[in-house]
Number of protein chains: 2
Amino acid sequence: MPTSIVDVAKLAKVSISTVSRVINRSDLVNQRTRARVESAIKQLNYQPNAFARGLMLRRSDIVGLVLPDLHGEFYSEIIRGANLKARHLGYNLVVSSARDGDDSHSLLRAIQQRALLDGVAVMVSELTDRIAEVLAAFPLPYVVLDGEIDGTPHDSIVIDQRHGAVALMRHLVGPAGAKRIIFVGGLATNVDTIARLEAYRQVLAESGLPQEASDVYHLDYEYETAYRLAREHVRAWASAGCCVFAANDEMAAGIVAAASEAGLNVPRDLAVAGFDDTRVARMTRPPLTTVRVPMAKMGAQAMELLCQRIADPQRPRMQISLQPELVVRESCGTALRRAADQPAPA
Amino acid sequence: MPTSIVDVAKLAKVSISTVSRVINRSDLVNQRTRARVESAIKQLNYQPNAFARGLMLRRSDIVGLVLPDLHGEFYSEIIRGANLKARHLGYNLVVSSARDGDDSHSLLRAIQQRALLDGVAVMVSELTDRIAEVLAAFPLPYVVLDGEIDGTPHDSIVIDQRHGAVALMRHLVGPAGAKRIIFVGGLATNVDTIARLEAYRQVLAESGLPQEASDVYHLDYEYETAYRLAREHVRAWASAGCCVFAANDEMAAGIVAAASEAGLNVPRDLAVAGFDDTRVARMTRPPLTTVRVPMAKMGAQAMELLCQRIADPQRPRMQISLQPELVVRESCGTALRRAADQPAPA
DNA sequence: TGCTGGATTGAAAGCGATGTCAAAGAACTG
DNA sequence: CAGTTCTTTGACATCGCTTTCAATCCAGCA
């Protein structure tokens, strides 16, 4: 029922080839003919059929971004960066989330089955063997976001978490002058927690601070949980001259809240640091010292890499590593300050 | 280069018609033949070409969701609800954001131009004439999210903000016992702010509380701004027996923080209410009384409506109105409590 | 044996675009 | 004016699938 190229051709009294040329801005069509065709197109409100077009061209100029979940700022930052870059590169971006009653495996399959995309960037919460397997047989150009840092056989963008966490820890033992550091992380199996915990241990070791197993807590990345834990410990921590390194900003915020309620002054009595530099980091009093993970950049780089792969499927795989950045705010007692209160550059 | 239906047919020694039947689970193909074809498909790792398929079927089973922006929890909630529902209805959902160097108009155009979608749900920050015009000429089934409540010529889902704000205000003047209410909103031109402010005025009027122009502040929905404002006023507000109605949770959180710092007890000295019931609402001490906007539901309803429209393009337009829900937590002094601390049902 | 009819299968006609190639004029050269 | 080139146009094959529609096979039946 919708108008096709044939209708336009008829109305303009030309062949479909000519119409096609006009659409694709080929320059071998006469000015007057072009005008006639264009007016016919307008008159019929004609839109080329994308399926037919894609069938011939074998491309849609659309790339996908699959995230494990759409909650949280990380993801919207990634999307923002990816979107912008994709558009610069001449692609449209569509986003899909994997969770919600469906695991990433089956999502990949869905996309794979009816791929109308030229490529996808996938971020998975865990790069399991199953998923790796699916990817290996993936019929589409793809890149992996935040994959493993060591020789995966995929194009990927990785964040050097370890590096960021080390920087933060060094700040705590250095300028912030911690005598003892409490680590509050997520589950012990969580890859992010693992990386951050390793950095924690490394810096404690290299600076000769005490490493007590009881200084490490494994929670669930939630505000409320950290708040409850802190309520029981803040006084003890404060009197022991501790700093707290929370593995994300939300937990750090919960700890700051508990400390304030206990009448402690952050950072004087208890310094607290977070991780991720999400919106919450600026929503505590005082705002949090944290580590900014360059999410927007990650999205952008992913698109860049993806488009290179689309352009040249033979190109050898690449891994790009991104460095997080230490953001010093008032929650860790120090004179150091940085012009870091602006949103990350796109 | 990728395998096509012809390759499968050859390998299985059947015609492409038969392969097609197997793919589409037609039941008029012999068991043994089917098995042969299926094994060939597996062996070749064959995936039907989605363009060719779409060209014939005139559908892709993919629907789109276009949001003005992907920041914030609203959006992820909408996406969550929409995703789930879309899948139930047999569609895949892709999401696109409109902002970021591109206005929604041009995004719509992009989608429109190369539509591979069966339909879209669009949410625009402002339903300007320009956009309405684009929509009117839209060649695809679509629904509008959070459009205007009065007779737009589109299928749309609207949230009855007014209703929610009235419920909250009545709670403040009733159980919370406010003598005077401060309104902290966004820009005076913002549609959300306008609706909430109207409710504010209405309830003040009906309950005979004072309406001072100076009790209404127009900020920018940001935590920091509200915090700064509150720092100057909280003591005065508290001693006047005020409640604060902030037009979103972030500003409410900023106000709570300022009050706590000033040594005031929330809610005893100053009651504060927010709006939206975002994650932040549970990240203040005490947690915020607020209004939950049923975002997930909105997404789901949008998909439902969209799919109905796709199924029957002739169906008359529909408007669906969704009611927000008052969520009472400790930030407004009251004995009233509700089982409202769980995440919204999907 | 010859027919009817159900179960399978294949041949071929699109779907709506792109792109190749040749044809038709127009313009230019000798 | 014939021959050559350039510009502009149209015919038609093609992409990979779905979907008639007809053909084939074989059982059942008179």
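A note on names: the letters A, B, ... follow the listed sequences, proteins ahead of strands, and every chain is numbered from 1.
- Rounded to 10 degrees, the angle between the two end axes of the helix from C:dT1-D:dA30 to C:dG30-D:dC1 is 60°, with five pairs used at each end.
- Side-chain atoms of A:L55 lie closest to C:dG16 of the nucleotides C:dG16, C:dA11, D:dC17.
- For A:R21, there are no salt bridge (charged side-chain N to carboxylate O under 4.0 Å, His left out) partners, not counting sequence neighbours.
- Applying the side chain to side chain donor-acceptor pair (under 3.5 Å) criterion to B:T33, with sequence neighbours excluded, gives no partner residue.
- Note: CG (B:N30) to P (C:dT8) measures 5 Å, nearest angstrom.
- In this structure, the nucleotide among D:dG16, C:dA11, D:dT8 sitting nearest to the side chain of B:S17 is C:dA11.
- When heavy atoms are screened at a 4.0 angstrom cut-off, B:I16 is found touching base atoms of the nucleic acid.
- B:R53 and B:N24 share a side-chain donor-acceptor pair at under 3.5 Å.
- Put simply, A:S20 has no side-chain N or O that comes within less than 4.0 Å of OP1 or OP2 on C:dA17.
- Between the side chain of A:R58 and the base of D:dG16 there is no donor-acceptor pair of N/O atoms closer than 3.5 Å.
- At a cut-off of 3.5 angstrom, the base of C:dG19 holds no donor-acceptor pair with the side chain of A:R21.
- Among the atoms of the strands shown, only primed sugar atoms or phosphate atoms (P, OP1, OP2) are found under 4.0 Å from some heavy atom of B:T18.
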